[in-house]
Colleague: 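Have a look at this one.
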Amino acid sequence: MEKMNVDWKLEQERVDHVLEEIDQKVKKLDTNIGGLKKDIVELRKDFWNDITVNLDEPDDVIETFTSIKQQAELIGERERSHKQIHKQLKTLDRLKYSPYFGRFDFLEDDEKEEEKVYIGIASLLDGTDENFLIYDWRAPISSLYYDYYPGPAEYNTPFGTIQGDMSVKRQFIIKSGEIKSMFDTGVTIGDEMLQEVLGNNSNTQMKSIVATIQKEQNKIIRNEKSRYLIVQGVAGSGKTSAALQRVAYLLYRYREQLNSSNIMLFSPNPLFNSYVATVLPELGEDNMQQSTFQEYVEYRLGKTFKVEDPFTQMEFLLGDVDHPDYETRLTAIHYKASIGFKDRIDKYIEALGTEGLLFKNIKFRGKIIISKDEIKNTFYSLDRSNSIPNRMSILAEWIGKELFKIERKERGKDWVTRESELMDKAEYLAFYQELQRKRQSSEETFDDFELEQKLIAKEIVRKHFKPLKQAVKRLEFLNVQGVYRQLFEGISSLKPFEGWEQVCRFTVERIKKKELTYEDATPYLYLQDQLEGKKSNTLIRHLFIDEAQDYSPFQFEYLKQLFSNCRMTILGDYNQAIYAHSMNAPTLLSPEIFEEGKYERVELTKSYRSTKEIVEFTKCLINGGEMIEPFNRPGLLPTLTEVGNESELHDKIVERVNQLQDEGHQTIAIICKTAIESKEAFDALQKKLPVRVMDNETYSFDKGILILPAYLAKGIEFDAVIIYNGSNDQYGREYERKLFYTACTRAMHELDIFTIGKRTMLMNEVPKENYYLK
């Protein structure tokens with residue numbers, strides 16, 4: 001005990017010394033940034049005073065341009081320096097609050113002196129800029145802290161492997177420059193620190209976990225070899241947190257070749273994007289690009305179709321089981337998500353190289369000027385050894401030339417003369433100025449009026465033909481809708497399964513209405529890109545896909561085409577695969593859809609989010625749940641409350657929410673099965689509680705009482721979760737098991753399940769001692 005007190009005193013003295021060093025660096029940077037700001041202001045103010053503008057001779061023009069460029073580069077350099085210092089000051093401010101969280105003592109082989117290594121969110125050198133007071137958690141030597149117990153240890157550097165022996169391994173909780181907790185540990189990250197972090201209230205935004213990274217998470221973060229890194233992690237295992245720290249690590253490790261604009265995260269919904277938005281800035285890095293797959297689909301197809309989103313598809317499957325097309329739709333979803341359907345489209349595309357492509361008439365002023373048959377004949381007259389996209393490019397050039405011929409003929413038409421006579425003053429003035437320019441450069445001897453009329457006619461026709469030419473460049477003469485629809489028409493001899501005719505009928509009806517179901521969106525884009533040319537994104541060098549179990553094999557094939565030069569980190573949990581296409585089918589987490597030798601798979605089986613009691617309850621809801629290991633954080637048993645009607649349900653929920661708030665819980669989620677049920681719950685509870693309802697257009701949330709459907713809660717955690725109605729009427733089908741599991745695993749500290757009538761049969765495998773029946 002006495003030794004600990006001495007060590008504590010020495011460690012606090014070191015913290016105080018580090019804070020003094022930080023203060024000195026802040027003062028120095030403040031002086032520098034003040035001088036830079038003054039320089040920038042003066043340079044901007046005197047920009048034109050320092051430049052001689054002379055445009056009389058070509059050499060003078062070049063000299064003027066060079067002068068402007070040099071002055072602009074000087075300002076740009078000062079502004080970059082200002083931004084860099086500002087970033088350093090923000091980092092120092094974070095270090096001043098909590099300079100580091102770990103220490104280990106390491107004796108490198110063949111060295112005599114042991115090094116004390118302190119780990120924090122950023123590196124810090126001493127006043128001489130020679131010795132590290134703090135090492136960045138991403139530095140090669142820092143991996144020892146996450147990967148080894150005291151004893152023999154090694155770490156990799158760009159120059160080889162460094163071996164040695166670790167003695168002391170110490171962890172700190174430092175707040176406002178004061179050590180609050182300190183303990184030596186023989187494990188990766190001691191339970192005391194995790195208890196401190198995990199025992200807190202949930203937050204409306206995800207926090208950095210660098211102080212509590214586990215060995216298995218560190219393996220994910222520092223992986224540099226795999227083209228595809230697949231992370232199968234159980235609910236609450238920290239897979240998303242590890243992925244975000246991985247982004248920060250990659251930006252640090254490859255800082256000369258990689259920046260945040262080269263990394264993209266595909267997340268499940270806009271709300272999740274908001275939830276994770278603060279992690280990288282907290283680590284001193286700029287946020288990567290964030291999007292959802294649906295946002296990309298809308299960007300590509302939103303002007304052509306009313307595109308269904310995955311949540312609307314989910315609402316249909318969960319709430320419209322009596323719909324006459326229900327089984328047909330379910331069959332279609334399964335098939336259109338499969339590699340089998342992609343193979344069918346590939347064969348179809350191959351056949352289209354010979355015949356079957358559909359085109360549109362090109363019209364001008366209501367008349368066909370190039371017919372679809374003419375376009376089709378020209379396309380199929382081209383060399384068939386060329387790919388379809390190459391022939392489309394040649395075809396577009398041919399159409400452009402034809403339009404130019406037609407455009408010239410149109411200049412002498414009566415409609416052009418009439419339009420020139422109705423021209424307003426502003427347009428006429430613009431034409432007149434262009435006329436003056438033409439007169440100076442032209443050797444032709446037209447009189448003013450003749451040249452004027454000719455120029456005006458040319459410009460009027462050019463303006464009207466411009467949209468046509470742009471449409472041709474976008475290949476809009478190709479009838480992609482018709483080609484996709486044709487896939488489901490007139491080929492009844494090629495039936496992939498019983499009921500294909502019903503799937504074809506349903507699909508064609510929707511396309512005729514300019515509606516595209518979610519299951520059709522990826523196949524449609526794939527077909528379009530195979531015909532028009534692949535739309536590869538070469539800027540993105542690393543793609544992160546979260547909630548990967550929600551992606552189908554077909555979607556993955558399309559993403560590989562879209563991000564052809566990319567490495568991918570693919571994270572998810574097959575126990576939370578709640579979309580219809582993933583029922584008894586491969587998902588993005590399935591090894592069979594990857595090429596042998598090109599992927600690495602990491603499994604996270606320990607759950608940190610929820611209390612031990614909640615994990616022991618939820619693991620019984622799913623097959624293979626015995627593999628899930630709860631973190632030893634004790635809490636209360638989940639509760640089950642059965643009521644007789646909605647009125648009693650609402651009274652009980654109000655009573656329970658008030659109790660939870662009295663206990664200090666700040667984020668309480670009332671999780672419903674669907675958006676429709678969420679709206680009904682909101683209408684019933686809003687007069688009794690300050691509730692807010694969340695839907696698929698919710699982009700952020702604050703602390704309080706939230707009502708939301710289960711599929712929107714994925715990836716997010718709450719202090720307490722109330723299952724609005726966990727009855728067998730609501731969750732009575734086997735395919736709803738994973739949805740129910742997902743909802744229950746959102747709870748950090750308390751889980752309460754309410755039912756109107758009999759509880760869900762999904763709880764039949766849960767031992768009675770694992771929950772409390774009220």
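In this text, all values refer to a predicted model and were calculated from it rather than measured experimentally.
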Colleague: Under 4.0 Å between a side-chain nitrogen and a carboxylate oxygen: does that hold for E655 and K774?
Modeller: no

Colleague: When rounded to the nearest 0.5 angstrom, what is the spacing between CG in L330 and CG in D325?
Modeller: 12.0 Å

Colleague: Can T755 and T760 be said to form a side chain to side chain contact (heavy atoms under 4.5 Å, CB included), step by step?
Modeller: CA-CA 8 Å; T755 75; T760 170; over 6 Å; no

Colleague: Apply side chain to side chain contact (heavy atoms under 4.5 Å, CB included) to T611 and L636, showing your working.
Modeller: CA-CA 8 Å; T611 62; L636 299 173; over 6 Å; no

Colleague: Between D320 (side chain only) and H323 (backbone N and O only), is there a donor and an acceptor less than 3.5 Å apart?
Modeller: no

Colleague: What orientation do H749 and H665 show, parallel under 30°, tilted 30 to 60°, or perpendicular over 60°?
Modeller: parallel

Colleague: Please confirm whether F305 and Y524 have ring centers closer than 6.0 angstrom.
Modeller: yes

Colleague: Ignoring hydrogens and angles, tell me if any N or O in the side chain of Y228 forms a donor-acceptor pair with the backbone of T569 under 3.5 Å.
Modeller: no

Colleague: Quick one: closest heavy-atom pair of C620 and P767, and the distance?
Modeller: SG-CD, 3.7 Å

Colleague: Begin from the C-alpha positions of E519 and Y335 and carry the test side-chain hydrogen bond (donor to acceptor under 3.5 Å, both in side chains) through to its verdict.
Modeller: CA-CA 9 Å; E519 61 268 22; Y335 181 62; over 6 Å; no

Colleague: Output yes when a side-chain donor or acceptor of S610 lies under 3.5 Å from a complementary backbone atom of A747, and no otherwise.
Modeller: yes

Colleague: Mark yes when over 12 heavy atoms from residues, nucleotides or ligands other than Y772 sit less than 6.0 Å from its OH; otherwise mark no.
Modeller: no

Colleague: Apply salt bridge (Lys or Arg N to Asp or Glu O under 4.0 Å) to E308 and R329, showing your working.
Modeller: CA-CA 13 Å; E308 181 185 52; R329 181 86 194 271; 2.5 Å; yes

Colleague: For Q294 and E298, what are the C-alpha separation, side-chain angles and deciding distance, and is it a side-chain hydrogen bond (donor to acceptor under 3.5 Å, both in side chains)?
Modeller: CA-CA 6 Å; Q294 182 64 21; E298 290 282 357; 3.3 Å; yes

Colleague: So does R300 pair up with D529, basic N to acidic O under 4.0 Å?
Modeller: yes

Colleague: Tell me, do I570 and F556 make a side-chain contact under 4.5 Å, heavy atoms counted?
Modeller: yes

Colleague: Side chain of R737, backbone of N623: donor and acceptor closer than 3.5 Å?
Modeller: no

Colleague: Any donor and acceptor pair, going by atom type alone, linking the side chain of R633 with main-chain N or O of R609 inside 3.5 Å?
Modeller: yes

Colleague: Ignoring hydrogens and angles, state whether a donor on the side chain of Q528 or K535 is under 3.5 Å from an acceptor on the partner side chain.
Modeller: no

Colleague: For K306, does the NZ atom sit with more than 12 other heavy atoms under 6.0 Å from it, leaving out its own atoms?
Modeller: no

Colleague: Quick one: are D729 and I756 in side-chain contact, heavy atoms under 4.5 Å?
Modeller: no

Colleague: Regarding K336 and T517, do their side chains bring together a donor and an acceptor under 3.5 Å, going by distance alone?
Modeller: no

Colleague: So Y711 and F311, would you call those rings parallel, tilted or perpendicular, with 30° and 60° as cut-offs?
Modeller: parallel

Colleague: Any chance the side chains of D546 and S267 put a donor and an acceptor closer than 3.5 Å?
Modeller: no

Colleague: What I want to check is whether the side chains of E547 and Q549 have a donor and an acceptor closer together than 3.5 Å.
Modeller: yes

Colleague: So do N223 and V602 actually touch side chain to side chain, heavy atoms under 4.5 Å?
Modeller: no

Colleague: Within the distance-only criterion (no hydrogens, no angle test), does the side chain of E295 pair as donor or acceptor with the backbone N or O of S291 below 3.5 angstrom?
Modeller: no

Colleague: Can a donor-acceptor pair be found between the side chains of S226 and E600 at a distance below 3.5 Å?
Modeller: yes

Colleague: Could you check whether E216 pairs with K219 (Lys NZ or Arg NE/NH1/NH2 to Asp/Glu carboxylate O, under 4.0 Å)?
Modeller: no

Colleague: Tell me the closest heavy-atom pair linking A243 and F544, and the distance in Å.
Modeller: O-CE2, 3.5 Å

Colleague: I need the Y579 OH to Q313 CD distance, nearest 0.5 Å.
Modeller: 8.0 Å

Colleague: Taking 4.0 angstrom as the limit, do R510 and D520 come out as a salt bridge?
Modeller: no

Colleague: Do the non-hydrogen side-chain atoms of I753 and R759 ever get within less than 4.5 Å of each other?
Modeller: no

Colleague: Passes side chain to side chain contact (heavy atoms under 4.5 Å, CB included), V693 versus K679? Steps please.
Modeller: CA-CA 7 Å; V693 68; K679 180 66 169 58; 5.6 Å; no

Colleague: Below 4.5 Å, heavy atoms only, C-beta onward: do M288 and L244 meet side chain to side chain?
Modeller: yes

Colleague: Can you measure from OG (S260) to CG (N287) and round to the nearest 0.5 angstrom?
Modeller: 8.0 Å

Colleague: Ignoring hydrogens and geometry, is there a side-chain-to-backbone donor-acceptor pair from N728 to M761 under 3.5 Å?
Modeller: yes

Colleague: Look at the side chain of Q217 and the backbone N and O of S237, then say whether any donor-acceptor pair between them is shorter than 3.5 Å.
Modeller: yes

Colleague: Evaluate salt bridge (Lys or Arg N to Asp or Glu O under 4.0 Å) for K512 paired with E509, printing each intermediate quantity in order.
Modeller: CA-CA 5 Å; K512 284 181 178 178; E509 285 176 359; over 6 Å; no

Colleague: Mind listing the closest non-hydrogen atom pair of G726 and Y731 along with its distance?
Modeller: CA-CD1, 3.9 Å

Colleague: Evaluate the side-chain proximity of F740 to Q730: yes if any heavy-atom separation is below 4.5 Å, no if none is.
Modeller: no

Colleague: Compare every heavy atom of L301 with every heavy atom of L516, then report the nearest pair and how far apart it is.
Modeller: CD2-CD1, 3.6 Å

Colleague: Which is it for D651 and K688 under the salt bridge (Lys or Arg N to Asp or Glu O under 4.0 Å) test, yes or no, and what are the steps along the way?
Modeller: CA-CA 9 Å; D651 289 343; K688 302 175 182 180; 3.3 Å; yes

Colleague: Are any of the side-chain heavy atoms of L660 and I722 separated by less than 4.5 Å?
Modeller: yes

Colleague: List the steps, then state whether side chain to side chain contact (heavy atoms under 4.5 Å, CB included) holds for I220 with R246.
Modeller: CA-CA 7 Å; I220 296 165; R246 174 165 169 72; 4.2 Å; yes

Colleague: Are Y518 and F316 side-chain neighbours, meaning at least one heavy-atom pair lies under 4.5 Å?
Modeller: no

Colleague: What's the separation between atom CZ in R567 and atom CG in L543, rounded to the nearest 0.5 Å?
Modeller: 13.5 Å

Colleague: Specify the closest pair of heavy atoms between C672 and A681, including all atoms of both residues, with the distance to one decimal.
Modeller: SG-CB, 4.0 Å

Colleague: Are any of the side-chain nitrogens in E750 or R656 under 4.0 Å away from the carboxylate oxygens of its partner?
Modeller: yes

Colleague: Would you check if the side chain of K239 reaches a backbone N or O of L571 as a donor-acceptor pair within less than 3.5 Å?
Modeller: no

Colleague: What distance do I653 atom CD1 and I707 atom CD1 have between them, rounded to the nearest 0.5 Å?
Modeller: 8.0 Å

Colleague: Counting distance only, does the side-chain N/O of T667 pair as donor-acceptor with the main-chain N or O of D719 below 3.5 Å?
Modeller: yes

Colleague: For K714 and D550, run salt bridge (Lys or Arg N to Asp or Glu O under 4.0 Å): C-alpha distance rounded to whole Å, both residues' side-chain angles, the deciding distance at 0.1 Å, then the answer.
Modeller: CA-CA 11 Å; K714 289 159 68 74; D550 296 342; 3.5 Å; yes

Colleague: Scan side-chain atoms only and decide if Q659 and E663 contain a donor-acceptor pair under the 3.5 Å cut-off.
Modeller: no

Colleague: Could you grab the distance from atom OH of Y741 to atom CG of L621, nearest 0.5 Å is fine?
Modeller: 8.5 Å

